[in-house]
J.: 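My questions will all concern the structure given below.
If you read the sequence from its start, that first residue is 1, and numbering goes on from there.
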Amino acid sequence: MCEDDHGIGRRALFVTGAAAALTLGSVSFASGAPATGQETRTVRGTLPTGSPDFVYVPVEVPSGVQELRVAYTYEKPAVPAGTPGNALDIGLFDERGTELGGKGFRGWSGGARTEFFVRADDATPGYIPGPVRPGTWHIALGPYTVAPGGLPYEITVTLTYGEQGKTPRPAYPPARAKGRGRAWYRGDCHLHSWHSDGRRTPAEIAALARAAGLDFINTSEHNTHSAHPHWADQAGDDLLIMLGEEVTTRNGHVVALGTDPGTFVDWRYRARDNRFGRYAREIRRAGGLVVPAHPHATCVGCNWKFGFGEADAIEVWNGAYTPDDEVALADWDSMLVASVRGGSRSWIPAMGNSDAHRDPDPVGTPQTVVLADDLTREAVQEGIRAGRSYVAESKSVSLSFAAAGPRGEHAGIGGRLRVAPDAPVTVRLEVTGAPRCSARFVTDQGVLFTSAVLPVSGSGTVEWQTTAQYAAYVRAELRHEAALGPLPGPLAAFTNPIFLGA
């Protein structure tokens with residue numbers, strides 16, 4: 001074993017826009033390597049407070065390598081309350097380089113693992129199998145947070161020499177399942193397996209999705225597409241499995257929903273770098289939707305700061321309903337108000353997902369219920385993009401929400417009821433599976449109607465009369481009984497709006 005310390009004098013700092021990358025001294029192995037056996041190198045260093053987002057450790061890989069394995073540790077000293085401690089993410093790029101766009105990307109595990117390997121025929125979950133070619137590889141470190149005293153780390157690189165195996169041909173789930181034609185389909189589009197920081201296998205997630213009454217799911221591992229080939233065996237006539245990624249930047253997370261198999265989307269930029277538009281377009285070119293996730297979450301780097309000009313939908317409800325989701329819902333409603341007050345016909349639909357990682361996180365709580373022409377990737381995406389959807393806390397909750405005019409005009413969720421400004425409009429909500437909940441009708445004027453509490457059976461019908469000049473749109477919320485005073489209770493379900501007027 002060879003050991004080395006990364007000295008300050010051996011570092012080079014490269015800055016492009018607001019993104020900074022620190023490249024350390026190389027980890028070198030002897031050329032003319034043995035035909036079999038192993039070699040190991042260990043390096044140590046300390047990252048100071050204020051380190052760049054990404055620190056690259058070059059590894060000079062000779063020919064004849066069968067497997068590259070990396071293990072790392074770092075110190076986690078106690079810090080005063082309110083002060084971030086040390087957290088260090090890790091990933092890998094091969095000899096093709098670290099340039100933005102991910103040409104050399106070979107995997108990312110964030111802070112979920114302390115070691116990983118790549119070989120031609122296999123790799124740790126989160127990493128991509130493929131040939132271990134000679135050249136300069138890079139271990140990518142992401143100092144997520146750094147304590148005031150710095151972040152001391154140790155990295156051990158082990159090369160195993162020998163003949164390389166055969167890289168498996170990937171098999172992906174089909175883009176179609178056996179649907180019911182035009183119908184309401186239930187889905188959860190934000191899920192994590194052991195290919196990122198989740199703890200469940202794809203098989204376990206698929207079983208939970210079926211138990212939750214879901215018709216479709218979307219994979220969304222943090223900053224890696226390694227899971228894509230591992231879902232084919234879990235799809236079936238009863239479950240459409242779409243592929244994507246949770247692009248986890250330092251200024252917010254975005255779900256790439258339903259991208260082409262094998263699509264990788266880079267995440268190494270901040271809002272002030274002015275690069276997000278490029279990668280949003282890349283998601284769309286790969287057939288996916290751009291969905292900012294948990295935009296008001298309070299974890300470091302989770303709060304959305306890229307604006308919503310590129311969004312196809314917004315994840316307003318993420319996991320168990322919390323005050324973060326209440327803020328996201330109010331913010332989204334303000335965006336609807338701005339859209340109709342400005343005379344725009346464009347608006348951004350809302351959706352909800354579980355973001356389930358491990359037990360006891362429930363899959364399908366919440367779930368987005370989409371009116372789609374069939375159970376295919378394209379049809380589900382079109383329903384989400386058009387806002388023909390509502391969000392429910394479980395498979396038990398079902399809604400029917402529509403508006404009708406005086407001459408038989410009719411519109412459903414995500415649609416427009418074309419009536420004169422003063423024409424009477426009847427808004428009707430039918431509910432099942434929501435015991436002791438009350439319905440609220442929300443418009444650009446605010447909450448204009450709140451129903452009595454539904455009976456313990458959870459079923460009921462609520463009607464309200466309005467006009468287009470009084471309400472430019474109307475959407476429905478189902479709320480559980482409030483625990484305290486006049487505050488609204490947590491959501492049981494909500495719909496995208498129906499717009500009123502010519």
J.: Determine, for Glu204 against Arg199, whether the closest basic-nitrogen to carboxylate-oxygen distance falls under 4.0 angstrom.
T.: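 Salt bridge between Glu204 and Arg199, a charged N being under 4.0 Å from a carboxylate O: no.
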J.: In Å, rounded to the nearest 0.5 Å, how long is the span from CG of Asn353 to CD1 of Ile217?
T.: 11.5 Å
J.: Nearest 0.5 Å, what's the OH-CD distance between Tyr279 and Glu245?
T.: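 Rounded to the nearest 0.5 Å, the OH-CD separation comes to 11.5 Å.
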J.: So does Val290 get a backbone contact from the side chain of Asp312, meaning a donor-acceptor N/O pair under 3.5 Å?
T.: yes
J.: Using 30° and 60° as the class boundaries, would you call the ring planes of Phe264 and Phe105 parallel, tilted or perpendicular?
T.: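 The arrangement is parallel - the two ring planes meet at less than 30°.
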J.: Between Arg133 and Asp94, does any NZ, NE, NH1 or NH2 come within less than 4.0 Å of an OD or OE carboxylate oxygen?
T.: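 Yes, this pair counts.
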J.: Please report the interatomic distance NE2(His190) to CG(Asn318), rounded to the nearest 0.5 Å.
T.: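 Here the rounded value is 6.0 Å.
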J.: So if I apply the salt bridge (charged side-chain N to carboxylate O under 4.0 Å, His left out) rule between Asp238 and each of Arg180, Arg186, Lys178, Arg210, which one comes out positive?
T.: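 Only one of Arg180, Arg186, Lys178, Arg210 forms a salt bridge (charged side-chain N to carboxylate O under 4.0 Å, His left out) with Asp238, namely Arg210.
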J.: Are a donor atom and an acceptor atom from the side chains of Thr249 and Tyr269 found within less than 3.5 Å of each other?
T.: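 No - no donor-acceptor pair under 3.5 Å links their side chains.
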J.: Can you tell me how far CG of Leu289 sits from CD1 of Ile283, rounded to the nearest 0.5 angstrom?
T.: 9.5 Å
J.: For Val27, run the side chain to side chain contact (heavy atoms under 4.5 Å, CB included) check against Thr42, Val57, Val61 and tell me which one passes.
T.: Val57
J.: Is the positively charged end of Arg106 above the ring of Phe116, judged by distance under 6.0 angstrom from the centroid and angle within 45° of the axis?
T.: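 No; the conditions do not both hold, so Arg106 does not lie above the ring face of Phe116.
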J.: Compute whether any side-chain donor of one residue and acceptor of the other, for Asp197 and His222, lie under 3.5 angstrom apart.
T.: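 Side-chain D/A pair, Asp197 to His222: present.
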J.: Under the salt bridge (Lys or Arg N to Asp or Glu O under 4.0 Å) rule, what pairs show up with a residue in residues 380-389, not counting sequence neighbours?
T.: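 Every salt bridge (Lys or Arg N to Asp or Glu O under 4.0 Å) pair that includes a residue of residues 380-389, provided the two are not neighbours, is Glu382-Arg385.
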J.: Taking the basic N atoms (NZ, or NE/NH1/NH2) and the acidic carboxylate oxygens, is any pair closer than 4.0 Å for Asp260 and Arg285?
T.: no
J.: Does any non-hydrogen side-chain atom of Val43 lie less than 4.5 Å from one of Leu24?
T.: no
J.: I need the single residue from Glu67, Gln66, Glu39 that forms a side chain to side chain contact (heavy atoms under 4.5 Å, CB included) with Tyr161. Which is it?
T.: Glu39
J.: Can you check whether Val363 reaches Arg200 side chain to side chain, under 4.5 Å on heavy atoms?
T.: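 Side-chain contact under 4.5 Å: yes.
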J.: How about Thr167 and Pro131: do any of their side-chain heavy atoms sit closer than 4.5 Å?
T.: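 Yes, their side chains come closer than 4.5 Å.
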J.: Establish, from distance only, whether the side-chain atoms of Thr365 and Ser354 form a donor-acceptor pair under 3.5 Å.
T.: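 Side-chain D/A pair, Thr365 to Ser354: absent.
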J.: Using a strict threshold of under 4.0 Å (side-chain N to carboxylate O), is an ion pair present between Lys395 and Asp215?
T.: no
J.: For the atom pair CZ (Phe216) and OH (Tyr185), what is the distance rounded to the nearest 0.5 Å?
T.: 10.5 Å
J.: Is the closest side-chain donor-acceptor distance between Thr136 and Glu95 under 3.5 Å?
T.: no
J.: Ring centres of Phe276 and Trp304 under 6.0 Å apart?
T.: yes
J.: Starting at OG1 of Thr219, measure out to CD of Glu246 and round the result to the nearest 0.5 Å.
T.: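 Spacing of OG1 (Thr219) from CD (Glu246) equals 11.0 Å.
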